[in-house]
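FYI, side chains are in, hydrogens and waters are out, and symmetry mates aren't considered; it's all heavy atoms of this structure.
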Amino acid sequence: MQHKVKITVIDKKLYPELQSQYCADPNSGMCPCYNVGDEFIFERYGSADDFWHMGLNTLKQSTVSENTIAGGNRFPHCSEAWDAISRYIYTGLQGGAIMRGWMNDERIMITCCSDGTRPVIFKIERLDYKAVYVNGIYTDTDRIKIKHSLEKIPSVTNVTFQNNEQYREYIEVFFDNIIENDLIENTIKNCGTYQILQID
């Protein structure tokens, strides 16, 4: 089983009275590094290791240009935010419980950066998946058929097709309850003459 971590900016706050009283620039305003709705995906599989690059290139969705956002293709995450979220990201990438006993789902944490005058609030989610290597997938018709069949498994939440550093295609099967490898194998084999090479 493998793990990714999804970060979503769910809110931004501003306390102008604190900025006017304590900041060198009393009109600093909202945090310029993040926007509500920004989404980031951290991976640690194959040659990917986004954690050790402080999330550079983890931005997957935003309402503004990637060039201006922390975690985009030019800047890693803001150091104040990274200090607050990195422990949860690392825990999630290792498959651990992000916040057992505090959140109603131990795979999720709501936290914020440590800027007391303009905090950014993040939702951090551990995404569990299995990487399935299959021989015999040659066309988009194959991919669509396998994707639809796998998504009928009750605990499966998403199915994507990826390539690793050796240019081998594999299937990412995301789930919210652990599923046995046999169920994945049998579902794919029922779609046609496909050979399961490995499941990570």
Applying a strict under-4.5 Å side-chain criterion to I, L, V, M, F, W and Y, I'd like to know whether [X] and [Y] cluster together.
X    : Y    : result
Y133 : I199 : no
I124 : M99  : yes
I7   : M103 : yes
I69  : I121 : yes
V36  : M30  : no

Give me the atom names and distance for the closest heavy-atom approach of [X] to [Y].
X    : Y    : result
R74  : L56  : C-CD1, 3.8 Å
G95  : R126 : O-NH1, 3.4 Å
I179 : V173 : CD1-CG1, 4.1 Å
I98  : R107 : CD1-O, 3.1 Å
L18  : G116 : CD1-O, 3.8 Å
R118 : C113 : O-SG, 4.4 Å

**Study point:** Distance-only polar pair, side chains of N190 and T187, donor-acceptor under 3.5 Å
**Key:** no
Exercise for review: Examine the side chains of Y45 and H3 and answer whether a donor and an acceptor come within less than 3.5 Å of each other.
Suggested key: no
Enter the distance from [X]:[atom1] to [Y]:[atom2] here, rounded to the nearest 0.5 Å.
X    : Y    : atom1 : atom2 : answer
K130 : N181 : NZ    : CG    : 4.0 Å
I108 : K6   : CD1   : NZ    : 10.0 Å
E151 : I153 : CD    : CD1   : 10.0 Å
I89  : F51  : CD1   : CZ    : 7.0 Å
R87  : Y90  : CZ    : OH    : 15.0 Å
S62  : D38  : OG    : CG    : 3.5 Å

Practice item. Check the surroundings of atom CG in N104: do more than 12 heavy atoms from other residues, nucleotides or ligands lie under 6.0 Å from it? Key: no
Review point. Is the number of heavy atoms from other residues, nucleotides or ligands under 6.0 Å of K123 NZ greater than 12?
Key: no
Is there a side-chain contact between [X] and [Y] (heavy atoms, below 4.5 Å)?
X    : Y    : answer
Y34  : C78  : yes
H77  : F40  : yes
T160 : I171 : no
V132 : E185 : no
Q21  : E17  : no
V134 : L197 : no
S28  : T117 : no
M1   : I178 : yes

Review point. So, do F122 and Y88 have ring centers that fall under 6.0 Å from each other?
Key: no
Check your understanding: Is the W52 to F42 ring centre distance short of 6.0 Å?
Key -> no
Exercise for review: Tell me, with the steps shown, if L150 and I188 meet side-chain contact (heavy atoms from CB on, under 4.5 Å).
Suggested key: CA-CA 7 Å; L150 288 170; I188 293 172; 4.1 Å; yes
Check your understanding: Yes or no on side-chain contact (heavy atoms from CB on, under 4.5 Å) for H53 and T58, after CA distance, side-chain angles and deciding distance?
Key -> CA-CA 10 Å; H53 299 104; T58 56; over 6 Å; no
Point to revise | Residue pairs involving residues 172-200 (criterion ring-ring contact (aromatic ring centres under 6.0 Å, His included); sequence neighbours excluded) | key: Y129-F174
Point to revise | Flag, side chain of D83 to backbone of E80, donor-acceptor distance under 3.5 Å | key: no
Review point. Do side-chain atoms of K60 reach the backbone of E39 as a donor and acceptor pair under 3.5 angstrom?
Key: no
Practice item. Run the numbers on N158 and L127 for side-chain contact (heavy atoms from CB on, under 4.5 Å), then give the verdict. Key: CA-CA 10 Å; N158 193 20; L127 307 176; over 6 Å; no
Practice item. Quick one: do D50 and R44 satisfy side-chain contact (heavy atoms from CB on, under 4.5 Å)? Show the steps, please. Key: CA-CA 7 Å; D50 297 323; R44 196 171 199 196; over 6 Å; no
Check your understanding: Can we say R143 and E169 salt-bridge, meaning some charged N sits less than 4.0 Å from an Asp/Glu carboxylate O?
Key -> yes
Point to revise | N-O pairing of K4 and E43 below 4.0 Å | key: yes
